[in-house]
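Just below is one structure, and these are the notes that go with it.
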2 protein chains.
Amino acid sequence: MVNQLQKNDASVQIFKALADPIRLAIIQYLNQLDHEVACGEVGRAMHISKTSGSYHFKILQEAGLISVNKVGREKNVRLDRSTFDHYLTHFWQNL
Amino acid sequence: MVNQLQKNDASVQIFKALADPIRLAIIQYLNQLDHEVACGEVGRAMHISKTSGSYHFKILQEAGLISVNKVGREKNVRLDRSTFDHYLTHFWQNL
DNA sequence: TTAATAGTTCAAAAAGCTTTGAACTATGTA
DNA sequence: TACATAGTTCAAAGCTTTTTGAACTATTAA
């Protein structure tokens with residue numbers, strides 16, 4: 001049981017990252033674009049403050065749900081689909 | 001954006017229900033059994049108090065991740081795989 | 001060099017989640 | 001009837017997550 005709980009740490013982090021309406025809306029926005037885009041542009045589309053955006057992008061990044069590419073002073077993000085595939089679409093295989 | 005956030009309410013509830021190590025362990029336990037089993041038996045296997053068990057089963061039930069069948073004084077639960085399939089394995093289709 | 005823009009960090013406050021034990025309801029058994 | 005067992009409810013406490021604005025770093029442009 002203790003081992004099982006520890007093995008679940010990564011899954012818990014993924015599901016926590018997904019368990020928020022703003023972050024889900026960010027994911028939808030990035031999904032329909034399907035190319036990398038600056039954090040600031042996404043934040044403006046969500047009508048959130050830049051501090052709040054910074055907080056949510058950090059959580060998505062630490063969960064491995066987005067990948068990041070710094071270009072000049074902008075931080076471009078895109079979905080990391082392999083993480084979604086591993087924890088969501090292949091959920092039963094990784095349980 | 002407001003509409004999108006509201007549309008995401010059900011997904012947020014599912015992901016919150018999954019975003020906890022005890023509930024993930026309960027799901028694993030129910031998955032390997034693949035037949036219904038009393039809450040109390042699951043709770044004992046997890047080494048949690050009955051109050052804590054009651055709390056976690058309520059969250060799983062409200063999210064639609066388990067279905068419940070009361071038999072005598074026992075409450076039997078099993079996974080509702082259609083909910084997992086809808087929100088996890090078919091994640092991109094429902095985004 | 002100065003000013004502007006993109007994003008981060010910090011601490012405090014607000015909001016939300018989880019655990020706890022005691023008291024409870026409902027059902028089954030002697 | 002009396003007792004035991006399965007599970008729920010409640011409020012308080014403790015803990016975690018999210019928002020806020022001010023101050024910060026880094027980069028770009030005039």
Side-chain angles (χ1 to χ4, degrees), chain A residues 1-2 4-6 8-27 29-30 33 36-63 65-78, chain B residues 1-2 4-6 8-27 29-30 33 36-63 65-78:
Chain A
M1 262 302 301
V2 172
Q4 198 61 270
L5 291 179
Q6 285 174 347
N8 285 336
D9 281 357
S11 300
V12 170
Q13 189 181 20
I14 300 292
F15 290 125
K16 280 188 178 179
L18 293 167
D20 179 273
I22 290 177
R23 292 193 291 270
L24 238 24
I26 290 172
I27 288 164
Y29 186 87
L30 295 178
L33 285 185
E36 71 177 33
V37 63
C39 286
E41 180 183 331
V42 184
R44 280 187 296 279
M46 304 293 125
H47 303 110
I48 57 178
S49 69
K50 62 182 182 168
T51 312
S52 177
S54 187
Y55 170 72
H56 288 297
F57 285 112
K58 184 172 165 227
I59 283 175
L60 290 170
Q61 185 178 357
E62 285 174 354
L65 293 170
I66 58 174
S67 62
V68 167
N69 178 26
K70 196 162 188 226
V71 176
R73 60 189 161 188
E74 298 193 331
K75 178 175 159 180
N76 291 341
V77 296
R78 72 165 75 204
Chain B
M1 261 303 302
V2 173
Q4 198 60 270
L5 291 179
Q6 285 173 347
N8 285 335
D9 281 357
S11 300
V12 170
Q13 189 179 21
I14 300 292
F15 290 126
K16 279 188 179 180
L18 293 167
D20 178 273
I22 290 177
R23 292 193 293 270
L24 239 22
I26 290 172
I27 288 164
Y29 186 87
L30 295 177
L33 284 186
E36 72 177 32
V37 63
C39 286
E41 180 183 331
V42 184
R44 280 187 296 278
M46 303 294 127
H47 302 110
I48 57 177
S49 69
K50 63 183 183 170
T51 311
S52 177
S54 187
Y55 170 73
H56 288 296
F57 285 113
K58 184 172 165 226
I59 284 175
L60 291 171
Q61 186 178 357
E62 285 175 353
L65 293 171
I66 59 174
S67 62
V68 166
N69 178 27
K70 193 158 190 229
V71 176
R73 61 190 160 185
E74 300 194 331
K75 178 175 158 181
N76 290 343
V77 297
R78 73 166 75 204

Quiz item: Within the structure, does a side-chain N or O atom of B:Arg23 lie under 4.0 Å from either OP1 or OP2 of C:dT18?
Solution: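 Affirmative; the distance criterion is met.
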Self-check item: Distance below 4.0 Å between B:His56 side-chain N/O and C:dC17 OP1 or OP2
Solution: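 No, no such contact exists.
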Distance in angstrom units between [X] [atom1] and [N] [atom2], rounded:
X	N	atom1	atom2	value
A:Asn69	D:dT27	CG	C1'	15 Å
A:Lys58	D:dT17	NZ	P	11 Å
B:Lys50	C:dA23	NZ	C1'	10 Å
B:Asp20	D:dT17	CG	C1'	14 Å
A:Ile22	D:dT18	CD1	C1'	9 Å
B:Arg73	D:dC3	CZ	P	16 Å

Exercise. Please tell me which of A:Thr51 and B:Gly40 maps to the more 5' nucleotide of DNA chain D, matching each residue to the nucleotide holding its nearest heavy atom.
Key: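 Its nucleotide being nearer the 5' end, the pick is B:Gly40.
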Quiz item: Given that A:Ile59 and B:Lys70 both sit by DNA chain D, which one's nearest nucleotide is further toward the 5' end?
Solution: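 Nearer the 5' end of the strand: B:Lys70.
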If you look at every strand shown and take non-hydrogen atoms under 4.0 Å, does [X] touch a base, only sugar-phosphate, or nothing?
X	value
A:Lys75	sugar-phosphate
B:Ile48	nothing
A:Lys16	sugar-phosphate

Quiz prompt | Side-chain heavy-atom pair B:Glu41, B:Arg44 within 4.5 angstrom cut-off | solution =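 A side-chain contact under 4.5 Å exists here.
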Quiz item: Below 4.5 Å, heavy atoms only, C-beta onward: do B:Asn76 and B:Arg78 meet side chain to side chain?
Solution: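 No, side chains not in contact.
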Quiz item: B:Asn8 and A:Pro21: which non-hydrogen atoms are nearest, and at how many Å?
Solution: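 Heavy-atom minimum between the residues: ND2-O, 4.1 Å.
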Self-check item: Minimum-distance nucleotide to A:Tyr55 side chain [options: C:dT19, D:dT17, D:dA6]
Solution: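 Among C:dT19, D:dT17, D:dA6, the one nearest the side chain of A:Tyr55 is D:dT17.
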